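Keep in mind the model is a prediction, meaning the values are calculated, not measured. Here is the naming used below: chain letters follow the sequence lines, and residue numbers restart at 1 for every chain. Reckoned from all heavy atoms, side chains included, excluding hydrogens, waters and symmetry mates.
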There are 2 protein chains.
Amino acid sequence: MSRTVRMNQGVEWALHGCVALSWVARDRAIPAAKLAELNGLPAPYLNKQLQALAHAGVLRSTNGPKGGFRLARGPEEITVLDVVLAIEGEGEAFRCTEIRQRGPFPTPRRDCRVPCQIASVMHDAEMAWRRTLTERSIADIAAEVEASNPQVRKRICSWLDSSS
Amino acid sequence: MSRTVRMNQGVEWALHGCVALSWVARDRAIPAAKLAELNGLPAPYLNKQLQALAHAGVLRSTNGPKGGFRLARGPEEITVLDVVLAIEGEGEAFRCTEIRQRGPFPTPRRDCRVPCQIASVMHDAEMAWRRTLTERSIADIAAEVEASNPQVRKRICSWLDSSS
DNA sequence: GACGGGGTACTCGGATAGAGCTTGTCCGAGTTAGCGTGG
DNA sequence: CCACGCTAACTCGGACAAGCTCTATCCGAGTACCCCGTC
C-alpha cells in the first residue's frame, strides 16, 4: 500500500533542471524545451515548473531568442528546500483545523493561544524535514552526481553547445 | 500562497480520536458516532479513518451492540507515526521516477543500483520527519493536553458514561 | 561601408481541459444483547 | 427459578458519488536578433 498523498512530481523535475543549469555558464540561458528534452520530459509542463521557480526567485528568466532560464544565484546558495517550496508552496503539509474548539467540550479560547499539541508535534516534524533539506544545496547534489558519473557534465554541455 | 499538497485531514481526526480513546477504560469500546460527536465531525467519514487504523493494527474493532473501537495496545506503545502511516499509507512522499535514465545521456544501468542523489536527499529528510514522529506517543500527547486542560478528561468520560 | 528601421522567429507567461485522489455519504453484513418461552 | 433460542437493534465494513487538486496542453504577449534599405 503506497502513500496516496505524494509530493508533486514537478519537484523532481525542478531539481534535475537546477542541477543541469548549475553546469552551464552562469550568463547563459537555457530554454525550457532544451531542459525538457535533456530529461525526456513534456516541455510545456516543465515550463510551468520553471515559471514557479522564477517567480520564487530561484531562477531568472529571459525572453526572446537566445533566451530561457538561468540560476538567479550561485548553486551553492540554492538549497533543496528553496526548490521544494517554490513548487509546493510555503505552507506546511499539516494544517490544524482547531477541532479542539468543537464538540460538547471546546477548549476555552484563552487556552488556544498556544498551538494544539498535535499541531505542535507535526510542526516539529516538518521543521526537522525542512532542516535536512536546507543543509543540502544544488551545488552539493551536482558535485555528487559528477563524482559518480564524471562524463555527464561534459556531455550535457557539449550537447547544449551543438544544438543551440 | 499556501501549499496545495497537504496532508490528509483524516490524520488530524485520527490523532484526536486516539487521544480520546486513551482516556477511557481499555476494555471499553467507543462507537465511531460517539467519537465523531465528541469532536464535531461527520460520523461516516470518521468511521472510514478508524477503519484504516483498525486495519493497521492500531485500533481493535468490535461489532454489535456495546461495540465500537478501542486501542489495540497501550497508548504509550502507539507513536504518532503509527497513526499517520495508517491513514496516509506506508510509502514515502517523494517518489523517484528515475528520470536520470531518460533523455539523450541516460545514466548507465550499473550506476543506478545506488539511489539517485536527489532521491537520497529526499529520503534523508523523510527519515528525519519520521524520527520526530516516532519519538512522540499518544500517551505523551494525552498527558500534555491534560496538563493544559485538566478538566477535559473527566468531562469526556462522564459524557461517555451518561450517553451510553 | 555604416546606421537605422522593420520584420521575423523564438522565448516565456498565463489561461484552459482532463484525470486521479481526497472528501463525504450511504446502505448492507455481522454480531451481540436482551427478552420471551419452555423445562 | 434457570437455561435456551429467537428476535431485534446496534455496530462495523465496504461500495458509491461529488469536489478539488495535480497533470498536461495550448496559444498569445513580449523581446532580441537579423536582414534590408538608405544615407
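Applying the salt bridge (Lys or Arg N to Asp or Glu O under 4.0 Å) definition to pairs two or more places apart or across chains, those involving residues 136-146 of chain B are A:Asp124-B:Arg136, B:Arg136-B:Glu144, B:Glu146-B:Arg153. Residue pairs meeting the ring-ring contact (aromatic ring centres under 6.0 Å, His included) criterion with at least one member in residues 34-54 of chain B, sequence neighbours excluded, are B:Trp13-B:Tyr45. The list of salt bridge (Lys or Arg N to Asp or Glu O under 4.0 Å) pairs with a residue in residues 7-27 of chain B, not counting sequence neighbours, is empty.
In this structure, B:Gln9 has no side-chain hydrogen bond (donor to acceptor under 3.5 Å, both in side chains) partners at least two apart in sequence or on a different chain. Applying the side-chain hydrogen bond (donor to acceptor under 3.5 Å, both in side chains) test to B:Thr62 and every residue at least two apart in sequence or in another chain returns B:Arg70. Remark: A:Arg73 engages A:Asp82 in a side-chain hydrogen bond (donor to acceptor under 3.5 Å, both in side chains) (not counting sequence neighbours).
Within residues 11-24 of chain A, the residues that place at least one heavy atom under 4.0 Å from DNA chain D are, in residue-number order, A:Trp13.
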Pairs under 3.5 Å (N/O, protein and nucleotides 8-13 of chain C):
unit_1	atom_1	unit_2	atom_2	d
C:dT11	O4'	A:Gly64	O	3.1
C:dT11	O2	A:Asn63	OD1	2.8
C:dC12	OP1	A:Ala32	N	3.1
C:dC12	O4'	A:Asn63	OD1	2.8
C:dG13	OP1	A:Ser61	OG	2.8
C:dG13	N7	A:Asn47	ND2	3.4
C:dG13	N7	A:Gln51	NE2	3.1

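Judged by distance alone, with hydrogens and angles left aside, the side-chain atoms of B:Glu92 form no donor-acceptor pair with the main-chain N or O of B:His123 at under 3.5 Å.
Close to C:dT23, at under 4.0 Å from its OP1 or OP2, lies a side-chain N or O of B:Tyr45.
If you measure from atom CD of B:Gln9 to atom C1' of D:dG19, you get 14 Å, rounded to the nearest angstrom.
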Solution key, residues 105-116 of chain B side-chain donor-acceptor pairs under 3.5 Å, sequence neighbours excluded:
unit_1	atom_1	unit_2	atom_2	d
B:Thr107	OG1	B:Arg100	O	3.4
B:Arg113	NE	B:Arg110	O	3.3

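At the heavy-atom level, A:Pro42 lies under 4.0 Å from the strands shown only through sugar-phosphate atoms.
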